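The next block holds one structure in the form of structure tokens; read it before the comments.
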Amino acid sequence: MDGEFTGKEIYQDLFSPRGYLDTYYDPKKGILVTDGFLDFALRKLHEAFTTRGVKGEVLIDIGHGPTIYQDLSACESFKEIIGADYTDRNREYYEGALRNDPGTFDWTGVIKQVCEMEGKGTTVEEKREKLRNTVKRTVKCDVTKSKPLHPLVLPQVDCVMTLGCLECACKDLDTYRDVLKNISTLLKIGGHLIITEILNCTTYYLGGKWFSCLSLSEEFLRNAITEAGYAIIDLEVIPRPYDKDQYRLCDHDSSFFILARKVRDI
Ligand code: SAH
């Protein structure tokens with residue numbers, strides 16, 4: 001890794017959905033599994049969509065990549081989820097994962113975990129169907145554009161969610177602030193924003209290639225999100241245990257979750 005920013009064209013050409021899933025979400029060795037991120041994200045999302053009462057008509061899941069775990073709780077509280085990502089390959093993979101196409105990554109264990117947390121006796125098959133029926137489509141999106149879904153125009157939605165995407169998409173902290181404004185244009189006043197990020201990460205590896213990551217701190221995020229017109233409802237950071245081999249592949253030291261309500265346009 002030469003320290004250069006990995007732009008969206010490189011994501012389009014070289015980001016391997018399967019390489020990402022195998023390195024980060026493998027049930028035994030995945031970096032975001034062993035460091036506690038996945039359990040943390042599932043728990044915080046479950047809380048947001050139940051006890052915190054986040055619900056509504058439409059939620060946009062920005063930068064979903066090839067993963068579907070993030071929509072498993074949301075699909076119980078929203079009538080419609082719209083996926084949005086920059087790369088064609090990630091949108092195709094996401095659609096295949098929703099259909100549970102043969103050969104796609106196996107989320108069964110994660111789906112079971114969410115059904116158990118919900119405690120309503122939902123089966124894995126029922127959850128898959130609910131998810132498939134709720135995620136109606138995924139659309140091209142570039143968060144660095146002032147109109148991220150251009151040329152698509154949508155009425156403002158009730159919830160914008162973005163997990164592990166903005167630290168990949170932004171080359172510096174000023175861009176991150178701008179990107180918060182860009183994605184806020186999609187959200188109604190009173191609607192909810194959910195963000196997770198890995199903190200203090202500079203690079204990450206997948207499928208034979210290094211990608212850059214913008215190093216973020218809790219303090220920066222707290223300030224930037226507040227300045228973007230939000231009231232913070234819930235914010236939690238969990239540390240990552242040290243592991244030399246895993247830190248070599250991806251060097252974040254903690255994970256961050258925030259739930260905030262949009263109080264004004266800026
Ligand atoms: N949500 C996934 C993260 C996927 S990795 C998870 O929780 O694990 C980061 C994602 O950001 C990739 O899918 C990539 O295509 C997307 N991305 C990168 N730059 C982007 C941009 N400018 N606009 C929208 N998405 C972008």
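Numbering of ligands and ligand atoms starts at 1, following listing order. Quick caveat: nothing in here was measured; it's all calculated off a predicted structure.
- Relative to atom 5 (S) of ligand 1, the option among Gly164, Cys141, Ala169 with the closest non-hydrogen atom is Gly164.
- The single protein non-hydrogen atom nearest to atom 7 (O) of ligand 1 is Tyr69 OH, 2.6 Å, given as residue, atom name and distance.
- Proximity of a side-chain donor or acceptor of Ser215 to a complementary backbone N or O of Thr202 within less than 3.5 Å is not detected.
- Considering backbone and side-chain N/O atoms, Tyr20 comes within less than 3.5 Å of an N/O atom of ligand 1.
- Contact annotation: the side chain of Lys79 approaches that of Glu57 to within less than 4.5 Å [non-hydrogen atoms, C-beta and beyond].
- At a cut-off of 3.5 Å, with distance as the only test, a side-chain donor of Thr67 or Gln70 sits close to an acceptor on the other residue.
- For Asp35 and Gln246, the side-chain atoms include no donor-acceptor pair closer than 3.5 Å.
- Within the structure, the closest approach of His64 to ligand 1 falls below 4.0 Å when heavy atoms are considered.
- Annotation for ligand 1: atoms under 4.0 Å from non-hydrogen atoms of Gly65 are 4 (C), 13 (O).
- For ligand 1, one of its N or O atoms has an N or O atom of Leu163 under 3.5 Å away.
- Protein heavy atom nearest atom 12 (C) of ligand 1, with residue, atom name and distance: Asn90 ND2, 3.5 Å.
- Ion pairing between a basic and an acidic side chain is recognised when a charged N comes within 4.0 Å of a carboxylate O; Glu76 and Lys55 show no such pairing.
- With respect to atom 11 (O) of ligand 1, the closest heavy atom belonging to the protein is Cys165 SG, 3.5 Å.
- Where the criterion is an N or O separation shorter than 3.5 Å, residue side chain and backbone included, Gln70 fails it with respect to ligand 1.
- Of the charged side-chain nitrogens involved, none lies within less than 4.0 Å of a carboxylate oxygen, so that Asp39 and Arg43 do not count as a salt-bridged pair.
- The existence of a salt bridge linking Arg137 and Glu95 is excluded, since no basic side-chain nitrogen approaches an acidic carboxylate oxygen closer than 4.0 Å.
- Annotation: Asp142 places an N or O atom under 3.5 Å from an N or O atom of ligand 1; distance criterion only.
- For atom 26 (C) of ligand 1, the nearest non-hydrogen atom from the set Phe15, Tyr25, Tyr86, Tyr11 comes from Tyr86.
- The protein heavy-atom contact nearest to atom 15 (O) of ligand 1 is Asp85 OD1, 2.6 Å.
- Between the Glu126 side chain and the Thr123 main chain, a donor and an acceptor come within less than 3.5 Å of each other.
- Comparing Pro66, Gly63, Pro148 by heavy-atom distance to atom 10 (C) of ligand 1, the nearest is Gly63.
- Scanning Val143, Val179, Leu38, Thr162 for the heavy atom closest to atom 23 (N) of ligand 1 points to Val143.
- Side-chain atoms of Asp71 never come within 3.5 Å of backbone atoms of Ala74 as a donor-acceptor pair (strictly under, hydrogens ignored).
- Residue Cys168 has no N or O atom closer than 3.5 Å to an N or O atom of ligand 1.
- For the residue pair Tyr176 and Glu197, a side-chain donor N or O sits within less than 3.5 Å of a side-chain acceptor on the partner.
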